[in-house]
Novice: 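One structure, pasted below without further comment.
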Amino acid sequence: MTDTTSAPDGAGAPERPSRGRHAGKRLSPWRVSIAIVVVLVVVAGGIAAASWMLRDNDEPTVATPWFGGYVDVTAAAVEELPTMGDGSTTSLLLSFIVAADSSTCEPSWGAAYDLDEASSSLDLDRRIARARQQGTEIGASFGGAINDEPALVCTSVDDLYQAYDDVVERYDLDVIDLDLENEGLTDTAALERRAAAIAQLQQDRAAAGHPLQVWLTLPVATTGLLDTGKAAVAAMLDAGVDLSGVNVMTMDFGVDLGGMTMAQASEKALTATETQLVALLEERDLNVPSDGAWSMLGATPMIGQNDVSDEVFTLDDATELNAFARAHSLKRMSMWSMNRDRTCGPNYPDVEVVSDSCSGVDQGDSTFAAILAQGFDGQLVSASATPTTVTTAT
């Protein structure tokens with residue numbers, strides 16, 4: 001997930017040059033710190049996951065849908081970031097954890113700061129602790145469109161397990177998100193290593209009384225997941241990973257939408273993905289919830305100007321997509337990104353060029369987060385008390 005890449009998995013969007021926040025460049029620590037502290041303090045929406053597959057044929061436990069906006073930890077900072085409207089929600093997905101470089105199997109933030117450097121230069125550990133004290137719930141996302149998701153660099157399951165575990169333990173995480181794009185999807189060996197490492201990590205965390213929820217975040221077309229996305233889901237299921245759900249990036253479609261709005265295109269993509277997920281479960285004789293696969297779905301639009309120049313996700317699109325998601329009982333709503341949830345200033349030269357720090361649309365007094373979060377007010381702690389389990393139906 002990025003403001004600067006081509007459309008997911010060959011969907012047709014033109015490539016744009018990298019704009020810094022995922023390119024591994026070190027940014028001024030005080031500027032990044034300003035962004036992090038403001039977002040951690042003011043953000044909203046509780047992280048909770050849907051229990052969409054259980055042992056035997058029991059009905060899934062219904063968890064309250066949750067909202068969590070992505071925060072780009074290494075993004076070019078601004079002096080001020082928007083609030084979450086009424087301030088009623090409290091969750092964040094910090095992104096992105098990637099390999100330190102193309103040959104080093106160690107986790108880092110955007111290939112710019114290792115975990116210790118993020119603590120010393122960005123004061124990240126203390127800011128996370130303070131945000132939690134103030135009621136903000138924290139998850140973390142691995143991968144993204146730029147830099148290497150750890151499974152691409154860690155060549156053994158044991159080493160990859162350790163990389164994931166280092167992050168989970170350091171930040172005391174109950175929820176992680178795997179944002180798989182580009183080579184992160186097409187590398188079959190990496191898919192298998194990732195699934196094996198995550199399955200083992202979940203088992204060990206559950207045995208220790210600290211269950212770990214895992215979401216897959218994948219590119220999507222208006223026709224649903226592409227083959228690489230379906231393969232990623234299949235790899236996790238076949239390895240025995242207890243998936244909390246599949247979150248699709250309803251953005252950068254890169255095709256002629258035929259007059260559809262971005263909300264309508266997103267709804268079409270979600271509907272197709274739901275059908276695909278039911279098929280993936282049924283092929284493996286896994287339990288399908290009574291509502292189909294809606295309760296294992298999440299949606300993440302890119303607010304405002306997308307990387308594709310004529311794709312703009314408006315405030316009206318946010319309202320419509322939120323209504324659709326609530327009507328279909330989606331269990332997650334996110335957005336890319338909290339850093340961008342504001343109107344661009346008068347000196348921003350061209351709003352059709354994607355910015356790390358503003359949406360490119362006139363938001364007035366509104367925020368995308370406040371609109372998208374409506375009805376998605378679940379809490380991470382209450383939802384993570386009971387882990388989901390993937391088993392064969394009998």
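Predicted model only: the values in this text are computed from it and were never measured.
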Novice: Atom CE in Met302, atom CG in Asp252: separation rounded to 0.5 Å?
Specialist: 6.0 Å
Novice: Please round to the nearest 0.5 Å and tell me the distance separating atom CG of Asp125 and atom OH of Tyr171.
Specialist: 5.0 Å
Novice: Donor-acceptor check, side chain of Asn247 to backbone of Ala299, threshold 3.5 angstrom: yes or no?
Specialist: yes
Novice: Report yes if the side chains of Val220 and Phe253 come closer than 4.5 Å at any heavy-atom pair, otherwise no.
Specialist: yes
Novice: Indicate if Leu152 and Ile198 have the same hydrophobic cluster label, given that clusters are the connected sets of ILVMFWY residues with side-chain heavy-atom separations under 4.5 angstrom.
Specialist: no
Novice: Answer whether the closest heavy-atom distance between the side chains of Tyr113 and Thr74 falls below 4.5 Å.
Specialist: yes
Novice: Do Arg126 and Asp123 come close enough that some side-chain heavy atom pair is under 4.5 Å?
Specialist: yes
Novice: Any idea which heavy atoms bring Met338 and Leu92 closest together, and the distance?
Specialist: CG-CD2, 4.2 Å
Novice: What's the spacing between Leu93 CG and Thr217 OG1 if we round to 0.5 Å?
Specialist: 8.0 Å
Novice: Is the closest side-chain heavy-atom distance between Phe142 and Val167 below 4.5 Å?
Specialist: yes
Novice: Which value, rounded to the nearest 0.5 Å, describes the distance between Leu201 atom CG and Gln162 atom CD?
Specialist: 9.5 Å
Novice: Main chain of Ala263, side chain of Asp317: is a donor-acceptor contact present, judged purely on distance under 3.5 Å?
Specialist: yes
Novice: Can you measure from CZ (Arg127) to OG1 (Thr136) and round to the nearest 0.5 angstrom?
Specialist: 13.5 Å
Novice: Taking all atoms of both residues into account, what is the closest heavy-atom pair of Ser102 and Asp148, and its distance?
Specialist: CA-OD2, 3.4 Å
Novice: Side chains of Glu267 and Thr250, heavy atoms from C-beta outward: is any pair under 4.5 Å?
Specialist: no
Novice: With the threshold set at 4.0 Å, does a side-chain nitrogen-carboxylate oxygen contact exist between Arg193 and Asp158?
Specialist: no
Novice: Check Asp238 with Arg284, please: is the shortest side-chain N to carboxylate O separation under 4.0 Å?
Specialist: yes
Novice: Does the ring center of Phe96 lie less than 6.0 Å from the ring center of Trp336?
Specialist: yes
Novice: OG1/Thr300 to CD1/Ile303 distance, rounded to the nearest 0.5 angstrom?
Specialist: 11.5 Å
Novice: Of all the heavy-atom pairs spanning Ala232 and Leu185, show the shortest one and how long it is.
Specialist: CB-CD2, 3.7 Å
Novice: Look at the side chain of Ser120 and the backbone N and O of Glu117, then say whether any donor-acceptor pair between them is shorter than 3.5 Å.
Specialist: yes
Novice: For the residue pair Ala163 and Pro107, what are the closest heavy atoms and their distance?
Specialist: O-CG, 3.8 Å
Novice: Under a 4.5 Å cut-off applied to non-hydrogen side-chain atoms, are Thr273 and Leu218 in contact?
Specialist: no
Novice: Just wondering, more than 12 heavy atoms not from Asp350 lying within 6.0 Å of its CG?
Specialist: yes
Novice: May I ask you to decide whether Lys230 forms a salt bridge with Glu283, counting only side-chain N to carboxylate O separations under 4.0 Å?
Specialist: no
Novice: Just by modelled atom types, is the Arg342 backbone N or O under 3.5 Å from a matching donor or acceptor in the Ser359 side chain?
Specialist: yes
Novice: When you compare the side chain of Leu330 with that of Trp294, does any pair of heavy atoms fall below 4.5 Å?
Specialist: yes
Novice: When hydrophobic residues are tied together by side-chain contacts of less than 4.5 Å, even through go-betweens, does Trp109 share a cluster with Val153?
Specialist: no
Novice: For Glu149 and Gly184, indicate whether the former's side chain and the latter's backbone hold a donor-acceptor pair under 3.5 Å.
Specialist: no
Novice: Side chains of Pro301 and Met251: closer than 4.5 Å at any heavy-atom pair?
Specialist: no
